[in-house]
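Atoms within a ligand are numbered from 1 in the order they appear, just like the ligands themselves. Both backbone and side-chain heavy atoms feed into the values below; hydrogens, waters and symmetry mates do not. None of the values given here were measured: they were computed from a predicted structure.
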Amino acid sequence: MIGASLSRWTMSYFAAALAWLFVALALMVAGIGYPAADLQSADTLVLVHAVCIGWLSLAMCGALFQFVPVLVAKPLFSDGWALPALGLLIAGLVFLLAGFLALGGRLPAAPWLLPLGAILLAGGFGSIVVDLACTAWRRPSGAARFVLAGLFSLCATVVFGSIFSVALAGWAWPAAEAVLESGVALHAITGLGGWLTLTAMGVSYRLFSMFMLAPEIGERRSSAALAPGALAIAIVVVGGAIAIGRASGSTAVLSAAAVMGLISVALYGRDIVAIYRGRQRRRLELNMRMAVLSFASLAAAVVLGGVLIAMGTFAAHLGAFVFLAVFGWLSGLILAKLYKIVAFLTWFETYGPVMGRTPTPRVQDLVAEQRAAKWFVLYYASVWVGTVVLLLGEGSVFRIAAAAMTLGVFGIVREVIRTRRLADVTRPLPVGAVAPHLLFARN
Ligand code: HEM
């Protein structure tokens, strides 16, 4: 899992990501943005980007700084870029959100806010993409290929988003106006489907085999799941650009991408079931049991999408569908894995230097799974209730579900902080071991 070294700033990314998750949850509890406002409203754009960039993308980047060098068994291309990139991303997000607030009239009009936010975000994401892609490229096989496809999708997302920002500022040429007019779905799909989902799929192939002590899925098989997913993104980017250029509408492009995406998820699901069946660890740890609930959410989102399309009501219920995919699948998976990754990295950082010289606790001694389980269950249950409530159009009840989600996340974060502080370890710290810092690794 670790390879040669610990990533110094992974914990800082996780901390910033969780802070943004609380911002997003506070907005939902306060009734700001969808479902109280339209999906296209400025308030919803604030909420969407606090979740997509602040929470999901920062958490994913933090995990990849640790994980990609392990995947390819080579050091990170550059150690020095992670912290400046984090600063750029946070500053860029603040300007982007301020730009959305100004668009909605909540702040005085300031057209430069959105382009400035986009420039800072492009700088932050750009340096992360170069750093991780140059690392993954050193051995581009297996899960590293998913990461490369995810990073390509992130670039496409940032390009679309930057064009929108310039167009919304009123500084753009007609072609950019056309991209803003017809490209929002393409931006959302490359972001949520390409960047976040393909990367999460790739990382989970490796993590799940490791955590369940199961044989790894072969290169050919995992590539079979990646190929249709990567093709879906290629169709969205290339086909979408052509459709915008010809003003021909993007229904055909979106349908073809949806079919490819579905095939990819189905093949991935088959592989995950194979890993689960082949596991040697019969009793699963909490993080894996909770990851199963994420897969259930992904499967439910696929079924829900199919049913809504068949009934001709997909557009009307798009918000509920995206909510289930973002909070049940992506956020649930990230929370479950973060719980384990923090425990593992904390254990390695603290006891690694003295291992073999003195008795040390196990990774599982750093966590109290029974206490943590109820917070995860509360989180998933409130996401599912929230989805049903959104489908029923009960916006006010949704705020109660969001409050319950917040409580669940609060409980999980409290457990993660206890792990980092070694609060559940009963033995005293061995001589030569140093307690870790909460927000970064001391290596
Ligand atoms: C440089 C980074 C980014 C910029 C500048 C940006 C900018 C924008 C802008 C201006 C819009 C509104 C378009 C309109 O007026 O309808 C938008 C929509 C959207 N963005 Fe981004 N974005 C960025 C990154 C991301 C990422 C990384 C994700 C997901 C992972 C994402 C997901 C979305 C979604 C889902 C929408 C549609 C929201 C809705 O219609 O309610 N964005 N983005």
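Any protein N/O/S atom under 2.8 Å from atom 21 (Fe) of ligand 1 was counted, giving 2 altogether.
Shown here are the side chain to side chain contact (heavy atoms under 4.5 Å, CB included) partners of Ile242, two or more places apart in sequence or in another chain: Val238, Arg246.
The residues Lys374 and Glu415 are annotated as not salt-bridged, no charged nitrogen and carboxylate oxygen being separated by less than 4.0 angstrom. Using a 4.0 Å cut-off between charged nitrogen and carboxylate oxygen, Arg8 and Asp79 do not count as a salt-bridge pair.
For an aromatic pair to be called close, the ring centres must be under 6.0 Å apart, and Tyr34 with Phe323 fails this. Checked against the 6.0 Å centroid criterion, the rings of Tyr268 and Phe146 do not qualify as a close aromatic pair.
The protein atom (non-hydrogen) at minimum distance from atom 1 (C) of ligand 1 is Leu121 CB, 3.5 Å.
Within the 4.0 Å heavy-atom criterion, the part of Leu96 lying near ligand 1 is the side chain and not the backbone. For Tyr34, no heavy-atom contact with ligand 1 is shorter than 4.0 Å.
The closest side-chain donor-acceptor pair between Thr419 and Trp347, if any, does not fall under 3.5 angstrom.
Distance OG/Ser78 to CG/Asp131: 5.0 Å, rounded to 0.5 Å.
Residue contacts with ligand 1: Leu180 is included, with a non-hydrogen atom under 4.0 Å away.
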